[in-house]
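Just the heavy atoms: all of them, side chains too, but no hydrogens, waters or symmetry mates, feed the values below. No experiment lies behind these values; they were computed from the predicted model shown. When a ligand or atom number is given, it counts from 1 through the structure's own listing order.
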Amino acid sequence: MIQFHNITKTYSRTHSHALRAVNFKISEGEFIYITGHSGAGKSTLLSLILRRITPTVGTVYLFGKDARKIRESKLPYLRRQMGMVFQNHRLLPNVSAQENLSFVLRATGHKGNLAQKSTVALRHVGLAHKRKAYPIELSLGEQQRVAIARAIVTKPAILLCDEPTGNLDPDTSWEILDLLNELHMRGTTILVATHSRELVDSLKHRTIVLRAGEVIRDDIEGGYTL
Ligand code: ADP
């Protein structure tokens with residue numbers, strides 16, 4: 001689904017080597033953590049997957065295509081296959097949970113009963129009963145669950161999560177991780193970028209550990225211990 005072949009990314013302005021000779025493959029149905037301390041290269045790796053940037057050396061393959069050869073005009077279609085969850089949920093504050101999802105469906109050209117499709121996605125995260133609630137009326141954990149519902153409502157091929165529990169207390173973090181695990185069990189391919197050792201240790205999945213831009217471990221068994 002996604003492959004990094006000998007990827008080096010150097011930011012020319014600062015001469016920082018954000019990634020060095022990185023190789024890995026993500027297959028359909030995997031749950032994978034990308035972890036490492038701040039500055040290790042996690043965001044750079046996500047930006048390459050989202051094709052916001054291109055590598056200095058090497059080839060990124062996205063759904064079998066060389067990312068460099070994907071035309072600018074095709075990027076929206078590419079990104080529609082990727083659901084994004086951020087540390088800050090970035091929900092629209094002035095509309096309900098359901099309308100937050102309908103908005104995305106409308107923006108991506110979906111037709112039919114958008115409210116119903118939104119409710120189905122909210123049901124997947126256990127929040128169908130809160131569909132009329134505004135973000136401010138929801139707990140932080142619930143807001144993040146709505147953000148996950150919004151990321152999956154378009155049925156992307158892969159869910160990319162950037163520090164998805166960064167703002168949450170340990171119990172709520174666990175809830176979110178549990179939810180991601182459940183979505184994975186139902187067949188969603190999931191990538192979680194995080195610096196949180198607790199997160200990676202609490203639910204074991206394949207873990208790629210970056211240090212100063214290099215993959216120092218790619219461990220199917222999971223866990224953070226260096
Ligand atoms: P992480 O997400 O793991 O904290 P990053 O990918 O953000 O790591 O950063 C990796 C390295 O690349 C760091 O040294 C950082 O300073 C540098 N870097 C990241 N983004 C840029 C950028 N846009 N321009 C210049 N240097 C950058």
Side-chain angles (χ1 to χ4, degrees), residues 1-26 30-62 66-68 70 72 75-76 78-79 81-90 140 144 147-148 151 156 158-170 172-173 176-177 180 189-226:
M1 182 177 269
I2 290 172
Q3 185 181 359
F4 275 41
H5 179 70
N6 193 29
I7 295 302
T8 291
K9 178 66 187 178
T10 308
Y11 290 105
S12 49
R13 223 168 52 77
T14 53
H15 303 291
S16 36
H17 302 290
L19 292 176
R20 303 163 200 247
V22 169
N23 288 287
F24 65 86
K25 258 189 211 175
I26 302 173
E30 275 199 276
F31 188 129
I32 175 167
Y33 295 110
I34 306 289
T35 190
H37 299 302
S38 177
K42 304 180 294 296
S43 305
T44 300
L45 188 146
L46 279 178
S47 296
L48 285 161
I49 293 178
L50 287 162
R51 186 37 178 84
R52 289 181 180 146
I53 56 175
T54 52
T56 313
V57 178
T59 310
V60 175
Y61 295 95
L62 302 172
D66 179 344
R68 209 186 297 273
I70 300 172
E72 289 289 321
L75 288 182
L78 173 83
R79 293 189 186 128
Q81 298 177 65
M82 305 180 185
M84 267 306 284
V85 176
F86 307 93
Q87 177 168 346
N88 292 319
H89 53 73
R90 303 184 193 177
L140 279 181
Q144 191 62 311
I148 292 171
I158 185 167
L159 186 60
L160 304 171
C161 308
D162 191 4
E163 300 286 0
T165 61
N167 281 338
L168 305 174
D169 61 54
T172 318
S173 296
I176 294 296
L177 199 56
L180 292 175
T189 308
I190 298 185
L191 181 152
V192 175
T194 179
H195 70 276
S196 165
R197 178 184 296 238
E198 290 76 28
L199 196 71
V200 170
D201 279 340
S202 55
L203 191 67
K204 304 264 196 248
H205 286 293
R206 178 181 172 197
T207 304
I208 293 180
V209 184
L210 292 171
R211 188 197 280 160
E214 285 183 71
V215 173
I216 58 163
R217 249 186 52 198
D218 183 352
D219 190 347
I220 300 294
E221 296 297 314
Y224 192 100
T225 322
L226 299 178

- Task: Kindly state each residue pair satisfying salt bridge (charged side-chain N to carboxylate O under 4.0 Å, His left out) with at least one member in residues 39-61, sequence neighbours excluded.
- Result: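 Listed by first then second residue: R51-E72.
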- Task: Could you check if a side-chain atom of C161 sits within less than 4.5 angstrom of a side-chain atom of L191, using non-hydrogen atoms only?
- Result: no
- Task: Answer yes or no: is there a side-chain heavy-atom contact under 4.5 Å between R206 and I208?
- Result: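 Result yes, sub-4.5 Å side-chain heavy-atom pair found.
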- Across all chains, not counting sequence neighbours, the side-chain contact (heavy atoms from CB on, under 4.5 Å) partners of S173 are T165, L168
- Contacts of T10 meeting side-chain contact (heavy atoms from CB on, under 4.5 Å) (sequence neighbours excluded), chain-then-number -> T8, H17, T56
- Could you pull out every protein residue that has a heavy atom closer than 4.0 Å to ligand 1, ordered by chain and then number? Y11, T14, S16, A18, H37, S38, G39, A40, G41, K42, S43, T44
- Message: Is it true that T194 and E163 share a donor-acceptor pair across their side chains at a distance under 3.5 Å?
- Response: yes
